[in-house]
Amino acid sequence: MTDTQLSPEGDSPPSSGRRPSKFRRLMTPRTLGVGSAVAAGAAAVALVFATQTAVQATSSPEAPESTPIAADSTDDGAPEKAEEVAKPAAIAAAYDQLSGAEVEYVRFVGAQDPAFAAGVDLFGEPGLQFLSTDVADPQAYGDGQRRLLSLYYDYGTNETVSMIVNVTTGAVEAVDRASGTQPAPTDAETARAWEMLLDSESAQPIVDEFAALTGGSALTPASAEVLLTAHSFITDAGSFGAESCGVDRCVQLLAQIDGGAFLTTSTFVVNLSTRTVLTVS
């Protein structure tokens, strides 16, 4: 969130060290992603997780920046659920910017891999939870072919999954997993965390605060006045109450009312892996 006017009420925005996910208005899936990152290929998958988890990484000097495309993978129109997605008529060059058509294609191709079906998504259904797609570093290969790297989360194993798809050949070339890495939450995960928080026993103070700040309006997950920002939460030595976060996928929310005051949500963390709302201090 940029140029935020802070208010005496509620919470303040997170520090720049967090891994944020902006969710402007609730229930707006298929938001195209933010930031700039070039992930490493299968030969350097550890570096892939490190750079993607940090949200932004540096590309090689001679390569143009690539904008990762992130979208909701739980709606009925998601590429993973399509019967067929056509291969792009023209294959982009190795360093070209991403296009929506090729991202849809590689997501569809990735969903045909057994590793995808073996995973579990945000709602406990079969299939990995899609997080983002970016251009795989062409310098990791010597053939000049177009490859994209997609990140997923497996809620069944609490692992981040990277998948390299060769757009030129239409084949999945590598699937790798890593635990303990928590990329920024997607819009779908942010919306789910907000729904869980408002449906929990911890919600009443937030509901009351919203009513006081809006002249009595009722707070619901779809309240148009609320702008959400979320970041993945990893516990540290100074945090108490969410010790499993970092292994589990956890989200902490900031809820701003029409660009003004922030609701007091920083004392809560939503564990999406266990589907629980935690109080932290």
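- Minimum heavy-atom separation, L131 to R249: CD2-NH2, 3.9 Å.
- In this structure, the separation between CD on E104 and OG1 on T133 is 10.5 Å, given to the nearest 0.5 Å.
- Inter-residue side-chain proximity for P79 and Y105 is flagged as unmet; no heavy-atom pair is nearer than 4.5 Å.
- F240 and V269 are members of different hydrophobic clusters when ILVMFWY side chains are connected at heavy-atom separations under 4.5 Å.
- Considering every non-hydrogen atom in both V106 and V165, the closest pair reads CG1-CG1, 3.8 Å.
- A donor-acceptor pair shorter than 3.5 Å cannot be found between the side chains of T169 and Q145.
- Under 4.0 Å is where a charged nitrogen must lie from a carboxylate oxygen, and between R192 and E195 at least one such pair does.
- Under the 4.5 Å side-chain heavy-atom criterion for Ile, Leu, Val, Met, Phe, Trp and Tyr, V277 and V247 are members of distinct hydrophobic clusters.
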Checklist entry - Can L263 and L253 be said to form a side chain to side chain contact (heavy atoms under 4.5 Å, CB included), step by step? => result CA-CA 10 Å; L263 298 175; L253 298 158; over 6 Å; no
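- Judged purely by atom type and a 3.5 angstrom limit, D248 has no side-chain atom pairing as donor or acceptor with the backbone of C250.
- Contact of the S239 side chain with the F233 side chain is registered, since non-hydrogen atoms from C-beta on lie closer than 4.5 Å.
- For the residue pair D187 / T190, no side-chain donor-acceptor distance below 3.5 Å is found, with atom types taken as modelled.
- Considering CG of L254 and CG of L227, their distance stands at 11.5 Å, rounded to 0.5 Å.
- Heavy atoms only, all atoms of each residue included: S202 and F268 are closest at CB-CE2, 3.4 Å.
- For the pair Q112 (side chain) and V109 (backbone), a donor-acceptor distance under 3.5 Å is absent.
- With hydrogens and angles ignored, the 3.5 Å screen pairs no side-chain donor or acceptor of R147 with any backbone N or O of N166.
- When every heavy atom of D96 is checked against every heavy atom of V135, the shortest pair comes out as O-CG2, 3.8 Å.
- Using a 4.5 Å heavy-atom threshold, the side chains of F210 and L198 count as separate.
- When atom types are taken as modelled, the side chain of Q252 and the backbone of S266 share a donor-acceptor pair closer than 3.5 angstrom.
- At least one side-chain heavy atom of L278 sits less than 4.5 Å from a side-chain heavy atom of C245.
- Of all non-hydrogen atoms in M163 and V172, the two that sit nearest each other are CG-CG1, 3.8 Å.
- Side chain of Q182 to main chain of G246: a donor-acceptor pair is present (N/O by atom type, distance under 3.5 Å, no hydrogens or angles).
- Using a 4.5 Å cut-off on side-chain heavy atoms (C-beta onward), Q129 and Y152 make no contact.
- Under the 4.5 Å side-chain criterion, counting only non-hydrogen atoms from C-beta, D143 is not in contact with T168.
- Interatomic distance, T181 OG1 to I234 CD1, rounded to the nearest 0.5 Å: 8.0 Å.
- Of the inter-residue distances, the one linking L148 atom CG with R107 atom CZ reads 12.0 Å to the nearest 0.5 angstrom.
- Contact detail for L197 and A203: the closest heavy-atom pair is O-CB, 3.4 Å.
- Put simply, the side chain of D258 never gets that close to the backbone of G260: no donor and acceptor are under 3.5 Å apart.
- Separation of atoms CZ (F130) and CZ (F116) is listed at 10.0 Å; rounding is to 0.5 Å.
- With hydrogens and angles left out, the side-chain atoms of N158 and Y153 include a donor and acceptor closer than 3.5 Å.
- For the pair L149 and L151, the minimum side-chain heavy-atom distance is below 4.5 Å.
- Here the straight-line distance linking atom CG of L128 with atom OG1 of T160 works out to 10.5 Å at 0.5 Å rounding.
- Distance alone, capped at 3.5 Å, is enough to place a donor-acceptor pair between the E209 side chain and the T264 backbone.
- The closest side-chain heavy-atom distance from Y95 to Q139 is below 4.5 Å.
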Item to check | Candidate pair Q256 and T229, rule side chain to side chain contact (heavy atoms under 4.5 Å, CB included), full reasoning | outcome: CA-CA 8 Å; Q256 189 179 22; T229 300; over 6 Å; no
